[in-house]
Amino acid sequence: KWDEAQHIWHLETSKGAYQAKTVIFTTGPITEPSMPKLKGIETFKGEMFHSARWNHDYDLTGKRVAVIGTGASAIQFIPQVQPLAKQLIFQRFTEGILIFDRNGVLVDFNAASNKLFPKIKRTDIGKKGQELFANFPKLLELLDAVKRVKEILVLDDNSQYQMQKTILSEATEKAEIVGYMIVFQDITYYHNIVTDLQIEVGRDSLTGSLNRNKLTSEVEILMTKMQAEENLAILMIDVDYFKQINDTYGHLIGDEVLKIFSQICQDNLRHKDIFGRYGGDEFIAVLPYTKEEEALIIAKRIRKTVASR
């Protein structure tokens with residue numbers, strides 16, 4: 001449960017109660033192997049095993065290897081298998097995968113990556129990544145980076161993917177680099193959740209306006225952008241006789257009054273203005289690039305609208 005007053009989370013678990021400023025929800029790995037039910041799999045005569053039950057006695061050198069699984073499997077073992085195998089097939093992965101040689105030439109890609117980059121064709125294998133992905137600078141930066149292994153790719157539809165680069169090296173003592181694998185994991189859903197949580201944490205739970213913490217933060221950011229000679233107006237706003245309203249009609253009605261009051265204020269402010277609840281029935285509106293006479297017009301408009309209700 002989120003504590004708005006103290007800005008902390010209260011957690012009740014089977015191992016006791018905890019308090020934290022940040023809570024990250026995660027899920028555990030799947031530990032029980034699950035073999036896919038593929039038509040005709042019973043007729044396959046080659047070696048077949050689950051990555052969770054790896055057959056270390058079987059040598060993959062020079063073999064044609066097909067991998068069926070997810071991005072997690074790709075990151076774990078494809079970088080080790082790819083330099084050994086004569087041919088590696090990984091079309092069933094839900095995550096996009098691009099494989100480049102040490103010179104940045106495209107060696108292979110799967111169907112999932114083709115959905116991200118629909119213009120890439122099988123005939124493009126053998127071409128330089130700089131040429132094929134010129135419109136995706138973040139991808140090229142990651143490909144060329146020496147130490148950085150992760151980057152975020154944002155597509156035109158605002159979907160977001162985490163790109164993770166893995167070095168492919170020879171299975172020898174020298175372990176020379178033979179290429180790179182980049183896996184694309186769709187994080188759009190999780191990014192949206194985090195964004196929504198950030199918005200929720202920064203909002204007053206009753207009125208929906210900025211809470212005191214977020215209000216202070218937004219004003220501090222604004223002050224770093226404004227010049228000393230530029231105008232700034234601040235409106236300190238409260239509800240007249242609010243205690244009397246609470247005492248006469250009860251706190252539930254008082255809460256409704258604050259909600260309506262807050263909405264009226266926001267409806268009469270401009271997009272660039274910053275508005276939030278300071279505490280109780282006190283609100284603050286920060287009006288950047290606004291002269292005193294302009295601020296008075298806005299304040300009177302708010303007062304007049306409230307009085308008419």
Side-chain angles (χ1 to χ4, degrees), residues 1-11 17-26 138 148 150-154 158-162 187-239 242 251 254-303 305-306:
K1 182 179 179 180
W2 173 251
D3 188 326
E4 178 68 27
Q6 299 183 29
H7 297 286
I8 58 173
W9 289 95
H10 293 277
L11 308 174
Y18 300 89
Q19 293 182 349
K21 291 184 177 180
T22 304
V23 176
I24 301 176
F25 298 95
T26 61
K138 288 294 182 181
R148 191 166 74 254
K150 290 184 179 181
E151 187 60 82
I152 301 298
L153 176 70
V154 181
N158 288 324
S159 58
Q160 297 203 17
Y161 291 81
Q162 177 176 274
I187 60 170
T188 307
Y189 173 75
Y190 305 102
H191 170 77
N192 291 340
I193 288 178
V194 171
T195 301
D196 290 344
L197 285 174
Q198 289 174 335
I199 293 173
E200 184 178 339
V201 169
R203 294 285 175 180
D204 175 58
S205 58
L206 176 64
T207 65
S209 62
L210 298 182
N211 59 30
R212 184 170 178 173
N213 220 28
K214 184 65 173 177
L215 177 65
T216 303
S217 174
E218 290 294 315
V219 172
E220 288 175 351
I221 294 173
L222 173 64
M223 296 306 291
T224 63
K225 299 178 180 179
M226 295 191 66
Q227 303 296 323
E229 65 275 8
E230 292 178 313
N231 294 302
L232 176 71
I234 298 178
L235 305 181
M236 300 288 293
I237 314 171
D238 65 4
V239 181
F242 182 67
H251 289 280
D255 288 347
E256 289 302 314
V257 169
L258 289 179
K259 291 179 185 178
I260 295 171
F261 179 74
S262 173
Q263 191 59 55
I264 289 173
C265 291
Q266 293 179 75
D267 289 344
N268 284 277
L269 292 171
R270 302 160 301 182
H271 180 72
K272 65 182 178 180
D273 298 330
I274 301 173
F275 176 78
R277 186 181 180 189
Y278 192 72
D281 66 324
E282 296 177 338
F283 294 82
I284 291 179
V286 179
L287 285 53
Y289 316 109
T290 305
K291 296 181 179 180
E292 181 179 352
E293 54 270 25
E294 295 173 319
L296 284 172
I297 293 173
I298 294 173
K300 289 178 179 179
R301 185 169 66 232
I302 292 174
R303 187 201 61 76
T305 307
V306 172

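Along the sequence shown, residues are numbered consecutively beginning with 1.
Here the side chain of S262 pairs no donor or acceptor atom with the backbone of L258 at under 3.5 angstrom. Checking side-chain atoms of T305 against main-chain N and O of R301 turns up a donor-acceptor pair under 3.5 Å.
For the atom pair NZ of K259 and CG of D204, the computed distance is 10.5 Å after rounding to the nearest 0.5 Å. Taken to the nearest 0.5 Å, the CZ atom of F275 stands 14.0 Å off from the CD atom of E218. Taking CZ from R277 and CZ from R212, the interatomic distance works out to 12.0 Å, rounded to the nearest 0.5 Å. Annotation: the span from I264 atom CD1 to I237 atom CD1 amounts to 11.0 Å, rounded to 0.5 Å. Once rounded to the nearest 0.5 Å, the distance linking CD of Q160 with CD1 of I187 reads 5.5 Å.
A 4.5 Å side-chain heavy-atom check between M226 and Y289 finds at least one atom pair inside the cut-off. Within the 4.5 Å cutoff, the side chain of S209 has heavy atoms near those of the F283 side chain. A heavy-atom distance below 4.5 Å is not found between the side chains of D238 and Y278. Within the 4.5 Å cutoff, no side-chain heavy atoms of H191 are placed close to those of T188. Counting heavy atoms from C-beta on, the side chains of I298 and L269 come closer than 4.5 Å. The closest side-chain heavy-atom distance from Q162 to I152 is below 4.5 Å. Using a 4.5 Å heavy-atom cutoff, the side chains of I284 and M236 are in contact. Taking the side chain as every heavy atom from C-beta outward, Q266 and T207 never approach each other to under 4.5 Å.
Surrounding OH of Y18 are more than 12 heavy atoms belonging to other residues, nucleotides or ligands, all under 6.0 Å away. For K272, the NZ atom is densely surrounded, since the number of other residues' heavy atoms within 6.0 Å is greater than 12.
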Start with the C-alpha distance between L222 and L232, add both sets of side-chain angles, then the distance that settles side chain to side chain contact (heavy atoms under 4.5 Å, CB included), and finish with yes or no. CA-CA 10 Å; L222 173 64; L232 176 71; 4.1 Å; yes

Would you please test L210 and R203 for side chain to side chain contact (heavy atoms under 4.5 Å, CB included) and show each step? CA-CA 4 Å; L210 298 182; R203 294 285 175 180; 3.8 Å; yes

Show your working on side chain to side chain contact (heavy atoms under 4.5 Å, CB included) between T290 and N231 and close with a plain yes or no. CA-CA 5 Å; T290 305; N231 294 302; 5.6 Å; no

Apply side chain to side chain contact (heavy atoms under 4.5 Å, CB included) to residues H10 and I8 and explain how you reach the verdict. CA-CA 7 Å; H10 293 277; I8 58 173; 3.9 Å; yes

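Of all heavy-atom pairs spanning N211 and K214, the tightest one is OD1-N, 2.8 Å. Nearest heavy atoms, Q227 versus E230: N-OE1, 2.6 Å. Residues L215 and G276 approach most closely at CD1-N, 3.9 Å, considering heavy atoms. Across every non-hydrogen atom of P288 and D273, the tightest pair is CD-OD1, 3.6 Å.
Within the structure, salt bridge (charged side-chain N to carboxylate O under 4.0 Å, His left out) contacts touching residues 291-300 (residues at least two apart or in different chains) do not occur.
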